[in-house]
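Please read all numbers here as calculations on a predicted model, not as lab measurements. The first residue in the sequence is number 1, and the count goes up from there.
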Amino acid sequence: MPSSHFRPFETSLDADRALGLLRQAVAGGDDGELFLERRRSEFLVLDDGRIKTAGYDASEGFGLRAVHGEAAGYAHSSEISEAALKRAVDTARLAIGDGGGTLAPAPQPTNRRLYTDLDPIAGVGFAVKIETLREIDAFVRDQDKRVVQVSATIAASMQEVEILRPEGEVLRDARPMTHVGVSVIVEENGRRETGYHARGGRIALDGLIAPETWQTAAREALRIATVNLRAVPAPAGVMDVALGSGWPGILLHEAVGHGLEGDFNRKKTSVFSGLMGERVAAPGVTVVDDGTIPDRRGSLSFDDEGTPTRRNVLIEDGILVGFMQDRQNARLMGVEPTGNGRRQSYAHAPMPRMTNTLMLGGDARPEDIVAEVRDGIYAVGFGGGQVDITNGKFVFSCTEAYRVENGKIGDPVKGATLIGDGATAMRQVHAIGNDMAMDPGIGSCGKNGQSVPVGVGQPTLLIGGLTVGGSAT
């Protein structure tokens, strides 16, 4: 396992020659960069008391991009060498054509550090990780005799990047990621139900595998499973929905956040296209994307083009005021980059992506929000969902939800789905809680075949007139 830092310009490439080749690739263009990456990851799964998966993966490579107008040439290689870089230059140059462009201003450098640069894989011994997984399994089974299956996961990774800009600047970042998850199946009277909870972030692993942390996650997974044991079929129809704080912000991320990414709006394929400065949400609704929150899963000291991340206000008091931008879309739209140029790896070109997307809190007490619901549900946990970016229509399944009648929380419900569109839902926000919270550090986002880690957050919300899909008659 490598213990030295990733330094490609000391071990694989001559910095001056690489800069010369990069400048050759972008000559006559508008932008470009050489993105170099080494990534190492470890993934351990214990299932029913036995190690089911123990994996370690390491990869490295570079991606070279040359941009001219709306075109972008991109070439990548898992071989970091001058010969491979020369071949990449020939490919990337195809986007420049006859040239005529002017290089966009360089991103401003930053010395900001938002997370530790300690290696989360080497920081905790392998034997300690295995023993922790076994302790999780035993702990959950001791809590409730109805437990029939336990699956526990420990994952850690380190992504090290260096970005060479045509101006000669080299930006360097080491990005850790850790994750501990617990899945529990309980059985009673022939009925089986599942609960899951996880925690993670850009933090060292030793804090996550401390007993007080994983025990909290284990208890939460068990609680959700036992709640679902007594769940009744979900109602169906158009009704008011109270959303819990924290992880339910994934609905905001999917149904609204993607529509606020710059490329969709430049191409006019977003439901928010052409609405800058107009009301798109109820008064009091303020949505931000903030890549600067320390230790959060979606945070970055600078994005994958070298632009420092920042707190971007997207919707302010219901008014659309901004989009998330990478460098190419920002230039084409005549605005500044916002630090949202992200890529899955060196094998992928950057595009506008979310970091940590959240709705700011309001003044209402959560219990008062739920008390306003006459006939509806209170949804506090979500699983998978689908969203159409062009119209914001979404379908999300609830993993934990409750029937609410006359302001009183009743039985948990099973099989509830929320159906609607983001733009309409944001206009129908009737109350905003004072309990804004972030998710526990588990989010990932897919777009155009690329997956990146993200964070979400929101306070308790009351949204009127959502369609609830269920099986109750």
NZ/NE/NH1/NH2 to OD/OE distance under 4.0 Å, Arg343 and Glu305: no
Work out which heavy atom in Gln450 is nearest to a heavy atom in Ala349; give both atom names and the distance. NE2-O, 3.0 Å
Is Ile209 close to Val180 at the side-chain level, that is, under 4.5 Å between some pair of heavy atoms? yes
Value rounded to 0.5 Å, distance of OG in Ser397 from CG in Leu418: 9.0 Å
Starting from the C-alpha separation in whole Å, work towards a yes-or-no answer on side-chain hydrogen bond (donor to acceptor under 3.5 Å, both in side chains) for Arg199 and Thr216. CA-CA 10 Å; Arg199 291 174 177 250; Thr216 299; 5.1 Å; no
Will you find, in the side chains of Arg342 and Thr355, an N or O donor that is under 3.5 Å from an N or O acceptor? no
Under 3.5 Å donor-acceptor, Ser270 side chain and Gly259 backbone: yes
Is any side-chain heavy atom of Ile377 closer than 4.5 Å to a side-chain heavy atom of Val468? yes
Given side chains that start at C-beta, do those of His76 and Phe62 come closer than 4.5 Å, heavy atoms only? no
Output the distance between atom OG1 (Thr91) and atom CG (Leu64), rounded to the nearest 0.5 Å. 9.0 Å
Can you find a side-chain donor-acceptor pair between Ser77 and Glu79 that sits under 3.5 Å? no
I need the single residue from Pro120, Pro294, Pro453 that forms a side-chain contact (heavy atoms from CB on, under 4.5 Å) with Arg202. Which is it? Pro453
Between Asp421 and Lys393, does at least one N-O distance fall below 4.0 Å, as a salt bridge requires? no
From CA spacing to verdict: side chain to side chain contact (heavy atoms under 4.5 Å, CB included), Met426, Leu252: CA-CA 9 Å; Met426 288 299 97; Leu252 172 75; 4.0 Å; yes
Could you give the distance from CE (Met436) to CG (Leu358), rounded to the nearest 0.5 Å? 5.0 Å
Atom CD of Glu336: over 12 foreign heavy atoms under 6.0 Å: no
Heavy-atom pair of closest approach, residues Phe394 and Leu251: CE1-CD1, 4.0 Å
Do Leu19 and Leu164 have side chains that approach each other closer than 4.5 Å (heavy atoms only, starting at C-beta)? yes
Regarding Arg38 and Tyr346, do their side chains bring together a donor and an acceptor under 3.5 Å, going by distance alone? no
Could you go step by step and tell me if Arg172 and Glu160 meet the salt bridge (Lys or Arg N to Asp or Glu O under 4.0 Å) rule? CA-CA 8 Å; Arg172 182 178 295 129; Glu160 300 168 89; over 6 Å; no
Separation between CG of Asn265 and CE of Met333, rounded to the nearest 0.5 Å: 5.5 Å
Go through Ile136 and Val182 one step at a time and tell me if the side chain to side chain contact (heavy atoms under 4.5 Å, CB included) criterion holds. CA-CA 8 Å; Ile136 294 172; Val182 183; 3.8 Å; yes
Please tell me whether Asp173 and Tyr115 have a donor and an acceptor in their side chains that are separated by less than 3.5 angstrom. yes
With heavy-atom distances below 4.5 Å as the criterion, would you say the side chains of Val128 and Thr132 are in contact? yes
Taking side chain to side chain contact (heavy atoms under 4.5 Å, CB included) as the definition, give me every residue that meets it alongside Asp90, ordered by chain and number, with sequence neighbours left out. none
For Asp439, does its backbone N or O pair with a side-chain atom of Arg296 as donor and acceptor, under 3.5 Å? yes
Side-chain donor-acceptor contact under 3.5 Å, Glu37 with Gln159: yes
Would you check if Arg327 and Pro107 make a side-chain contact, meaning some heavy-atom pair closer than 4.5 Å? yes
Evaluate the criterion side chain to side chain contact (heavy atoms under 4.5 Å, CB included) for residue pair Arg331 and Val67; output intermediate values, then yes/no. CA-CA 11 Å; Arg331 186 182 68 259; Val67 180; 3.4 Å; yes
I'd like to know if Lys129 pairs up with Glu42 as an ion pair, taking the criterion as any Lys NZ or Arg NE/NH1/NH2 lying under 4.0 Å from an Asp or Glu carboxylate oxygen. yes
Could you check whether any side-chain heavy atom of Ile315 comes within less than 4.5 Å of a side-chain heavy atom of Thr286, counting everything from C-beta outward? no
Any chance CG of Asp98 has more than 12 other-residue heavy atoms, nucleotides or ligands included, within less than 6.0 Å? no
Close side-chain approach of Ile51 and Leu133, heavy atoms under 4.5 Å: yes
So, Arg175 and Ser301: side-chain donor and acceptor under 3.5 Å apart, yes or no? no
Check: Ala104 main-chain N/O paired with Asp31 side-chain donor or acceptor under 3.5 Å: no
Could you please spell out the steps behind the side chain to side chain contact (heavy atoms under 4.5 Å, CB included) verdict for Ile419 and Phe396? CA-CA 7 Å; Ile419 304 168; Phe396 274 89; over 6 Å; no
With side-chain hydrogen bond (donor to acceptor under 3.5 Å, both in side chains) as the rule and sequence neighbours excluded, what pairs involving residues 9-28 come up? Arg17-Glu82
Ring pair (Phe, Tyr, Trp, His ring centres under 6.0 Å): pairs with one or both residues in residues 252-311, sequence neighbours excluded: His253-His258
Gln108 atom CD, over 12 foreign heavy atoms within 6.0 Å: no
Does Lys447 come within less than 4.0 Å of Glu261, counting only side-chain N to carboxylate O? yes
Ring of Tyr56, cation from Arg40 - is the NZ or CZ under 6.0 Å from the centre and inside 45° of the axis? no
Indicate whether any N or O donor in one side chain lies under 3.5 Å from an N or O acceptor in the other, for Asn340 and Asp303. no
With distance as the sole criterion, is a donor-acceptor pair present between the side chains of Asp289 and Asn356 under 3.5 Å? no
Quick one: pull up CD1 in Ile224 and OG1 in Thr194 and give me the separation to the nearest 0.5 Å. 10.5 Å
Rounded to the nearest 0.5 Å, the NE2 atom of His5 sits from the CG atom of Asp119 at a distance of 9.5 Å
